[in-house]
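The first residue in the sequence is number 1, and the count goes up from there.
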Amino acid sequence: MTSGTEFSFRLFDGDLNNFAHSETRDHIDGFTITLNLKHVTRITQIRIYNRVDCCKERIVGFTVFIKEAETEVNCGTLTEEKLRYDIVCEGIGYKVEMKAVGTVNAVNLAEVQIYGERLEMDRSQIDRVLMTKNMAEGDFLLLSRLHDGDYQNYAYGSNPSSGFNITVSLRYTSKISLIRVINRHDCCQDSLVGFTVYIVGPNGNEIECGTIDEAKSDYGFWKEGTGDKVEMRKDGFLGLVYLAEVEVYGSAAEIEFPKADIFNVYMTSDNNHKKALTDGNPYNIAHSNPGLTSHANGFIISLNLKHITNVKRVKVFNRVDCCQERIVGFSVFIKNQRSESEVNCGKMDDAKLEYLLDCEGTGNVVQLRKEGTVGLVNLAEVEVYGEVKTKQIVIMEATATDARAENPVTNFYDGDYNTFHHSITNNYPDGFIITVRLQLAYRILLIRVVNRNDCSVCEPRFIGFAVNILGPSGEVTNCGTITKEKLYYEFWTDVVGTGVELRKEVAGYVNVVEIEVYGDLIGQNKINYKGT
């Protein structure tokens with residue numbers, strides 16, 4: 001709204017009893033109300049609800065438009081006082097605008113409803129947005145606001161000398177058809193004037209989409225081009241830049257592989273923030289132990305995948321605010337612990353903000369590794385893409401020697417690493433047995449047992465447990481025995497079974513977070529019987 005924007009949300013909150021109101025009474029240059037749609041829409045009807053208690057004349061004279069980039073459809077002018085206006089008007093656009101020219105007094109309005117059909121334009125997934133400089137003293141978390149879907153918040157930055165860049169990194173290379181830039185709504189909309197928008201391809205080739213030449217609430221750039229980035233640039237800039245949202249629309253220009261599940265991260269040393277590498281937030285960082293400025297035997301970052309995966313791509317996000325050179329020299333590997341093999345995906349041999357490694361290999365670990373003496377290490381995020389090769393087998397039921405009521409056996413096959421099973425007492429002279437049953441016979445390839453990580457005295461309780469596969473005819477195959485405390489244990493096998501057993505002859509307290517079984521179904525079909 002030209003004024004009174006802090007109350008503009010009332011125009012689309014679904015409540016017909018409240019209203020939005022202009023902040024001032026005299027608007028000598030007219031008044032505009034703009035409603036930004038989240039999707040390009042084929043609009044068929046606009047319904048406007050006036051203020052109920054008084055002042056219905058204030059909306060008379062406004063003209064309604066459907067707008068798309070530089071084109072617009074005039075839907076007509078409100079020429080009389082009414083409680084509700086039903087405007088039948090067809091047009092394709094991503095915003096509806098109500099505008100009055102000349103001197104306009106106070107403005108009030110209750111609700112605007114827009115009806116139509118969303119056009120099938122895929123919105124490209126944005127991984128990260130970067131600015132030349134962020135104002136929050138290195139707090140780059142603000143930049144996530146530029147692709148959070150919330151038009152009410154904003155990010156801001158400044159460059160006191162030469163030029164300003166905003167870089168939008170897409171998850172996949174896309175055939176882009178539309179770029180939308182949403183300005184800050186409450187002030188400072190002139191800060192984007194002068195920026196030019198580009199589509200940037202994987203090889204660095206650029207397509208210019210246009211330049212922002214006036215202060216507006218949002219901008220649409222219809223331009224076709226293939227790219228994995230969108231950039232906004234302004235040369236010779238001095239001052240502040242404000243921006244609410246960037247949206248990129250198009251279709252994938254490459255095969256989109258699903259993102260692999262990562263269940264554990266290991267670093268040679270860390271500052272207790274290693275989970276930042278896989279939290280989906282490429283703005284925060286994991287860091288090696290700040291007290292260890294030198295690692296004489298090299299440095300390893302291992303990401304354990306939940307499933308055995310045909311990995312197709314690894315994407316590495318570097319730290320944004322400084323120290324990008326610390327990851328230089330690291331190589332990326334896909335490791336298969338079953339076959340004890342690995343595929344070298346390449347080396348990060350120069351300091352960049354992002355690395356994209358298209359690499360094919362089957363494994364359950366992605367590892368970043370650097371040999372020799374390594375100093376401090378920091379990294380923002382690692383994403384792994386590929387297709388699951390060996391699926392997790394559904395556990396039909398489970399039993400244990402006993403369990404606390406508040407920590408039942410169902411906790412170790414609920415998929416939640418934050419819950420656990422716990423025994424009732426700390427003395428089992430006749431042993432302790434945990435059994436999980438599968439619905440059918442499977443060729444079991446991997447058994448993973450996940451330990452507690454919140455209790456130092458609890459972690460050794462698994463030591464001494466034997467892990468067995470229970471066969472279809474009652475045979476028992478031993479996969480190994482747990483001999484030391486770890487956060488998780490993996491047993492690689494190739495045995496047909498209908499269940500898994502953990503057994504310890506003499507036990508104290510027992511607790512287990514999760515038991516996971518992976519493999520392939522043996523050729524059996526469930527028979528449906530009809531009659532007797």
Enquirer: Let me confirm one number: the CG-OG distance from Leu35 to Ser8, rounded to the nearest 0.5 Å.
Expert: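 Taking CG in Leu35 and OG in Ser8, the distance rounds to 8.5 Å.
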
Enquirer: Do Ile262 and Val382 have side chains that get closer than 4.5 Å, going by heavy atoms?
Expert: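 A side-chain contact under 4.5 Å is absent here.
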
Enquirer: Can you check whether Asn411 reaches Asp416 side chain to side chain, under 4.5 Å on heavy atoms?
Expert: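 Answer no - side chains too far apart.
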
Enquirer: Walk me through it: do Asp358 and Arg313 pass the test side-chain contact (heavy atoms from CB on, under 4.5 Å)?
Expert: CA-CA 4 Å; Asp358 286 319; Arg313 168 174 289 181; 2.7 Å; yes

Enquirer: Whether Glu383 and Lys315 form a salt bridge (side-chain N of Lys/Arg under 4.0 Å from carboxylate O of Asp/Glu) is what I want to check.
Expert: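 The answer is no: the pair does not qualify as a salt bridge.
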
Enquirer: Check step by step if side-chain contact (heavy atoms from CB on, under 4.5 Å) holds for Phe257 and Val311.
Expert: CA-CA 9 Å; Phe257 295 104; Val311 178; over 6 Å; no

Enquirer: Give a yes or no on whether Glu57 atom CD has more than 12 heavy-atom contacts from other residues, nucleotides or ligands under 6.0 Å away.
Expert: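 Atom CD in Glu57 is crowded, with more than 12 foreign heavy atoms closer than 6.0 Å.
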
Enquirer: Just verifying a value: how many Å separate Leu170 CG and Ile126 CD1, rounded to the nearest 0.5 Å?
Expert: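 Here the rounded value is 6.5 Å.
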
Enquirer: Run Lys229 and Tyr198 through side-chain contact (heavy atoms from CB on, under 4.5 Å) and show every step you take.
Expert: CA-CA 8 Å; Lys229 290 182 178 67; Tyr198 301 86; over 6 Å; no

Enquirer: Can a donor-acceptor pair be found, under 3.5 Å and without considering hydrogens, that links the side chain of Lys234 to the backbone of Gly194?
Expert: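 Between the backbone of Gly194 and the side chain of Lys234 there is no qualifying donor-acceptor contact (under 3.5 Å).
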
Enquirer: Got a second to check how far Tyr115's OH is from Thr44's OG1, nearest 0.5 Å?
Expert: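 That separation rounds to 10.0 Å.
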
Enquirer: For Asp15, does its backbone N or O pair with a side-chain atom of Asp13 as donor and acceptor, under 3.5 Å?
Expert: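 Yes; judged by distance alone, with no hydrogens or angles, the pair exists.
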
Enquirer: Tell me yes or no: between the side chains of Ser269 and His295, is some donor less than 3.5 Å from an acceptor?
Expert: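 Yes, side-chain donor-acceptor contact under 3.5 Å.
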
Enquirer: Do Lys216 and Asn183 make a side-chain contact, defined as non-hydrogen atoms from C-beta onward lying under 4.5 Å apart?
Expert: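 Counting from C-beta outward, Lys216 and Asn183 never come under 4.5 Å.
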
Enquirer: Counting only heavy atoms not in Lys306 (residues, nucleotides, ligands), do more than 12 fall under 6.0 Å from its NZ?
Expert: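 Counting neighbours around NZ of Lys306, more than 12 heavy atoms of other residues, nucleotides or ligands fall under 6.0 Å, so yes.
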
Enquirer: If you draw the axis of the six-membered ring of Phe263, does the NZ or CZ of Arg448 fall within 45° of it and under 6.0 Å from the ring centre?
Expert: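 Checked: cation-pi criterion met.
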
Enquirer: Could you check if a side-chain atom of Ile176 sits within less than 4.5 angstrom of a side-chain atom of Lys223, using non-hydrogen atoms only?
Expert: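 No, too far: nothing below the 4.5 Å cut-off.
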
Enquirer: May I ask you to decide if Ala215's main-chain N or O and Asp190's side chain share a donor-acceptor pair within less than 3.5 Å?
Expert: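 Side chain of Asp190 to backbone of Ala215, a donor-acceptor pair under 3.5 Å: no, none is there.
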
Enquirer: So, Thr196 side chain and Thr211 main chain: donor-acceptor pair closer than 3.5 Å or not?
Expert: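 Here the side-chain-to-backbone pair does not exist.
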
Enquirer: Tell me whether Arg145 contacts the main-chain N or O of Tyr154 through its side chain, where contact means a donor paired with an acceptor under 3.5 Å.
Expert: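 Present.
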
Enquirer: Just so I know, are the side chains of Leu353 and Thr167 near enough to count as touching, which here means a heavy-atom distance under 4.5 Å?
Expert: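 They are not in contact (no side-chain heavy atoms under 4.5 Å apart), so the answer is no.
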
Enquirer: Which one of Asn304, Thr278, Val450 satisfies the side chain to side chain contact (heavy atoms under 4.5 Å, CB included) criterion with Asn264?
Expert: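 The passing option is Asn304.
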
Enquirer: For the residue pair Glu214 and Tyr219, what are the closest heavy atoms and their distance?
Expert: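 Shortest heavy-atom contact: O-OH, 2.6 Å.
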
Enquirer: Rounded to the nearest 0.5 Å, what separation is found between the CG atom of Leu178 and the CZ atom of Phe221?
Expert: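 The CG atom of Leu178 sits 10.0 Å away from the CZ atom of Phe221.
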
Enquirer: I'd like to know whether His27 forms a side chain to side chain donor-acceptor pair (under 3.5 Å) with Ser3, so could you lay out the CA-CA distance, the side-chain angles of the two residues, the decisive distance to 0.1 Å, and finally the verdict.
Expert: CA-CA 9 Å; His27 307 88; Ser3 72; 3.0 Å; yes

Enquirer: Taking atom types as modelled, find out whether Arg10 and Asn18 have a side-chain donor-acceptor pair closer than 3.5 angstrom.
Expert: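 No, Asn18 and Arg10 have no side-chain donor paired with an acceptor closer than 3.5 Å.
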
Enquirer: When you look at Met98 and Phe31, which way does the side-chain contact (heavy atoms from CB on, under 4.5 Å) test go after all the steps?
Expert: CA-CA 8 Å; Met98 299 173 61; Phe31 197 97; over 6 Å; no

Enquirer: Do the side chain of Ser191 and the main chain of Tyr242 share a donor and acceptor less than 3.5 angstrom apart?
Expert: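 It does hold such a pair.
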
Enquirer: Any side-chain to backbone donor/acceptor pair from Glu206 onto Val200? Under 3.5 Å, distance only.
Expert: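 No, because the side chain of Glu206 does not come within donor-acceptor range (under 3.5 Å) of the backbone of Val200.
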
Enquirer: Can you tell whether the side chains of Arg233 and Asp235 come within less than 4.0 Å, N to carboxylate O?
Expert: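 Salt bridge absent between Arg233 and Asp235.
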
Enquirer: Any chance you could measure Tyr355, atom OH, to Leu368, atom CG, to the nearest 0.5 Å?
Expert: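 One finds 10.5 Å between OH of Tyr355 and CG of Leu368.
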
Enquirer: Closer than 3.5 angstrom, by distance alone: can the side chain of Glu381 be matched with the main-chain N or O of Gly280 as a donor-acceptor pair?
Expert: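 Yes; judged by distance alone, with no hydrogens or angles, the pair exists.
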
Enquirer: Minimum heavy-atom separation for Glu224 to Ile199, with atom names?
Expert: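 Looks like C-CD1, 4.4 Å.
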
Enquirer: To the nearest 0.5 Å, tell me how far Ile43 CD1 sits from Lys95 NZ.
Expert: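 These two atoms lie 12.0 Å from each other.
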
Enquirer: If I compare all heavy atoms of Leu11 with all of Leu109, which pair ends up nearest, and what's the gap?
Expert: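 Residues Leu11 and Leu109, closest heavy atoms: CD2-O, 3.4 Å.
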
Enquirer: Residues two or more places apart in sequence or in another chain: which of them pass side-chain hydrogen bond (donor to acceptor under 3.5 Å, both in side chains) with Thr309?
Expert: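 Result, side-chain hydrogen bond (donor to acceptor under 3.5 Å, both in side chains) vs Thr309: none returned.
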
Enquirer: Quick check: closest heavy atoms across Gly157 and Phe164, and the distance to 0.1 Å?
Expert: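 Minimum heavy-atom separation between Gly157 and Phe164: C-CE1, 3.8 Å.
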
Enquirer: Counting only heavy atoms not in Arg42, do more than 12 sit closer than 6.0 Å to its CZ atom?
Expert: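 12 or below, so no.
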
Enquirer: Which atom pair, heavy atoms only, marks the closest approach of Gly14 to Glu111?
Expert: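 It is N-OE2, 2.7 Å.
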
Enquirer: Side-chain contact, heavy-atom cut-off 4.5 Å: Arg128 with Val320?
Expert: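 Result yes, sub-4.5 Å side-chain heavy-atom pair found.
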
Enquirer: Kindly say whether Val60 contributes a backbone atom to a donor-acceptor pair with the side chain of Glu80 at under 3.5 angstrom?
Expert: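 Side chain of Glu80 to backbone of Val60: no pair is present.
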
Enquirer: Flag the pair Cys188 / Leu240 as yes when at least one side-chain heavy-atom distance between them is below 4.5 Å, and no otherwise.
Expert: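 Not in contact.
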
Enquirer: Compare every heavy atom of Val241 with every heavy atom of Leu192, then report the nearest pair and how far apart it is.
Expert: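 Looking at all heavy atoms of both residues, the shortest contact is CD2-CG1, 4.0 Å.
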
Enquirer: I'd like to check Cys89 versus Ile66 (side-chain heavy atoms, cut-off strictly below 4.5 Å). Are they in contact?
Expert: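 Touching, per the 4.5 Å side-chain cut-off.
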
Enquirer: Between Tyr385 and Tyr172 (judged by ring centroids, cut-off 6.0 Å), do the two rings come close enough to count as a pair?
Expert: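 Yes - the distance between ring centres of Tyr385 and Tyr172 falls below the 6.0 Å cut-off.
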
Enquirer: Looking at Lys347 and Lys370, would you say the former's side chain and the latter's main chain have a donor-acceptor pair under 3.5 Å?
Expert: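 Side chain of Lys347 to backbone of Lys370, a donor-acceptor pair under 3.5 Å: no, none is there.
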
